[in-house]
Amino acid sequence: MADKQPKRNKKNFRPTKSGAGMTKAGVKKYRAMNPGSKLKTAVTGKVKKGSKAAKDPNSRLRQARKRWKC
């Protein structure tokens, strides 16, 4: 069974330049649509030294990993 996703808009998802990933409102909506989910928002702060990231500095993956400190 696939998880339901909230609509991709500025309220639920951050743009790539703002760090990508879901907003607090997006996570709240996701958890309402998927009872029992333990999804959390990103842990913000300084990135760990030596962390791996995608080669393209503007990719959604790299921006999200930067927010998650990985």
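Keep in mind it's a predicted model, so treat the numbers as computed, not measured. The basis for the numbers below is simple: all heavy atoms, side chains too, and nothing from hydrogens, waters or symmetry mates.
You'll find the side chain of W68 stays beyond 4.5 Å of the side chain of Q63, heavy atoms only. Residues K4 and N34 are in side-chain contact: their nearest non-hydrogen atoms beyond the backbone lie under 4.5 Å apart. Counting heavy atoms from C-beta on, the side chains of M22 and L39 come closer than 4.5 Å.
If you take NZ on K66 and OG on S59, they are separated by 11.5 Å, rounding to the nearest 0.5 Å. To the nearest 0.5 Å, atom CE of residue M33 and atom CZ of residue R31 are 14.5 Å apart.
In terms of heavy-atom proximity, F13 sits nearest to P6 at CE1-O, 3.8 Å.
In this structure, the side chain of T23 does not engage the main chain of R14 through any donor-acceptor pair within 3.5 Å.
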